[in-house]
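Scope of the values below: all heavy atoms of this structure, side chains included, with no hydrogens, waters or symmetry mates. Residue numbers start from 1 in every chain, and the chains themselves are labelled A, B, ... in the order their sequence lines are given, proteins ahead of strands.
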There are 2 protein chains.
Amino acid sequence: MSQASKKSATKATTTLADQVLTKIQTAIIKGDLPHGTKINEQELAATYGISRGPLREAISRLESQKLIERIPHVGARVVSLDINELVDLFKVREVLEGMAARLAAENMTDQDITELTALLEKHEQSEQLQQGESYYQDEGDLDFHYLIITGSKNKTLINTLTIDLYHIIRMYRFQCSAETTRPKKAFKEHRRIIEAIQSRDGELAELLMKRHISAARINTEQRLTALSSVEQ
Amino acid sequence: MSQASKKSATKATTTLADQVLTKIQTAIIKGDLPHGTKINEQELAATYGISRGPLREAISRLESQKLIERIPHVGARVVSLDINELVDLFKVREVLEGMAARLAAENMTDQDITELTALLEKHEQSEQLQQGESYYQDEGDLDFHYLIITGSKNKTLINTLTIDLYHIIRMYRFQCSAETTRPKKAFKEHRRIIEAIQSRDGELAELLMKRHISAARINTEQRLTALSSVEQ
DNA sequence: TAACTGTACATTGTTGACAATCACTATGGA
DNA sequence: TCCATAGTGATTGTCAACAATGTACAGTTA
């Protein structure tokens with residue numbers, strides 16, 4: 001009965017601002033709203049068929065997710081990726097997700113770990129199926145990291161990573177198709193991390209996660225510096 | 001002198017939402033709006049003499065600063081401190097500020113370090129003057145940490161610590177007068193951290209900062225568990 | 001008495017109009 | 001030609017009224 005009242009929560013009883021928020025989120029992440037795009041309030045409001053009120057609410061949240069930047073009386077823009085800032089982000093990720101892996105090894109329940117291994121096996125299959133296609137692998141990789149983050153059971157850590165930092169990471173990944181060059185390596189690294197968590201070796205899990213992200217960072221740096229030198 | 005510019009900026013050409021934001025911030029941090037207080041929009045709007053529009057904007061930002069929590073169609077409440085969550089926060093701080101100290105040792109300019117040592121000496125004087133008074137010491141401690149955080153020159157790290165996490169830390173400190181019991185110890189720890197940064201020893205700076213925050217956490221845990229057992 | 005139901009009230013979500021501010025252009029002067 | 005400045009248009013900030021939702025209370029029924 002209480003479920004009957006809440007079953008409609010699927011999409012019926014959310015607020016307008018929430019609905020539009022997710023739409024704009026995906027638009028930014030997928031690149032439909034490219035970096036640096038000026039956000040015109042009444043234009044966007046008209047696009048989504050809502051008033052400026054809820055739109056501004058959505059913009060406010062997007063700002064807290066670092067997906068857009070706002071200047072008073074001037075307006076909002078989709079955040080633009082600077083290589084140095086991206087490297088900074090990776091370094092913070094390295095530390096925080098390393099911590100998450102350590103805590104996950106300590107605090108995950110056995111069932112949590114079971115789910116994690118199941119996810120890994122699912123990746124193994126899909127990876128064999130679509131070798132070059134990095135799209136799903138990327139989303140799967142995010143799921144992997146997400147499970148470990150939540151497995152840490154540290155609320156501040158979870159919020160910081162999933163709310164404050166991860167949206168912009170998703171954006172970057174989607175638009176740069178980050179892991180295309182090293183999917184097999186990344187997959188092996190995932191497996192080792194899980195093994196460390198299974199054996200409740202927090203220290204090792206932290207070390208491996210740090211290396212995993214560090215490798216991704218270096219890979220990214222090389223790609224982007226090469227890219228920017230071509231542009232010039 | 002940065003505080004002087006900050007003061008004038010408050011009333012110059014900021015938006016209404018901004019002005020009210022800072023007012024509510026301090027109200028929450030100082031405890032004028034106690035933990036768990038329901039936030040009534042039109043009531044607060046009337047209090048500050050503004051409309052509900054800018055007030056909702058301010059609430060939105062307070063939410064992103066973790067000072068209040070919101071439920072759609074129900075309302076907003078001032079966040080209430082749970083001991084476990086506070087410990088979680090400290091642990092994340094430990095890792096991130098440790099990282100900040102390491103990066104500060106690597107990236108701070110000589111002038112940055114000069115300012116840092118000047119701050120320390122200022123603390124030394126004021127500490128001798130007002131032994132028991134923890135008020136200023138707390139704010140000074142925050143300045144110390146703030147300088148090191150910004151000294152890391154890592155934008156993501158700076159934003160995460162100063163915007164996403166530090167407001168709630170300030171709230172806790174102010175209301176629980178955290179460091180009253182160990183001001184001298186804390187001061188010595190500060191000095192050693194600075195020495196490590198001066199000698200550009202990032203590893204040592206990180207270690208010392210982690211210990212410094214860890215000690216504060218343990219101190220806090222003991223105080224709060226004692227407090228809660230008394231309440232029961 | 002306890003639980004359920006429906007109604008009335010209070011609060012939040014949404015809207016469109018109005019005011020304040022900024023960016024751009026053109027005009028004038030040096 | 002260049003710079004400064006004032007005017008114009010567009011955009012954001014603010015407001016007050018309206019709609020939708022949740023909450024509390026009263027009344028009814030088992």
Spacing of B/L21 atom CG relative to D/dG13 atom P, expressed in whole Å: 14 Å
With A/E94 as reference, evaluate A/R217, A/K210, A/H212 under the side-chain hydrogen bond (donor to acceptor under 3.5 Å, both in side chains) test and give the passing residue. A/R217
Could you tell me how far apart B/L55 (CG) and C/dT14 (C1') are, to the nearest whole angstrom? 16 Å
Here the gap from B/L147 atom CG to B/L116 atom CG, rounded to the nearest 0.5 Å, amounts to 5.5 Å
Does a side-chain N or O from B/T15 land closer than 4.0 Å to OP1 or OP2 of D/dT14, or not? yes
Could you go through nucleotides 9-12 of chain C and list every protein N or O atom that sits under 3.5 Å from one of its N or O atoms, giving the distance for each pair?
unit_1	atom_1	unit_2	atom_2	d
C/dT11	OP1	B/N40	ND2	3.1
C/dT12	OP1	B/K38	NZ	3.0
C/dT12	OP1	B/I39	O	3.1
C/dT12	OP2	B/E41	N	3.3

Interatomic distance, A/I68 CD1 vs D/dT12 C1' [rounded to whole Å]: 13 Å
Mark yes or no for whether A/S152, through its side chain, and A/I148, through its backbone, hold a donor-acceptor pair below 3.5 Å. no
Nearest heavy-atom neighbours spanning A/V92 and B/M99: N-CE, 3.8 Å
Applying salt bridge (Lys or Arg N to Asp or Glu O under 4.0 Å) to A/D112 and not counting sequence neighbours gives A/K153
Give me the residues of residues 57-65 of chain B where at least one heavy atom lies under 4.0 Å from an atom of DNA chain C, by number, or none. none
B/T14 versus B/T22: any side-chain heavy-atom pair under 4.5 Å? no
Would you indicate what A/G53 reaches in the nucleic acid, counting non-hydrogen atoms under 4.0 angstrom: base, sugar-phosphate, or nothing? base
Just checking A/Y146: does its OH atom have more than 12 heavy atoms from other residues, nucleotides or ligands closer to it than 6.0 angstrom? no
Determine, for A/R70 against B/E57, whether the closest basic-nitrogen to carboxylate-oxygen distance falls under 4.0 angstrom. yes
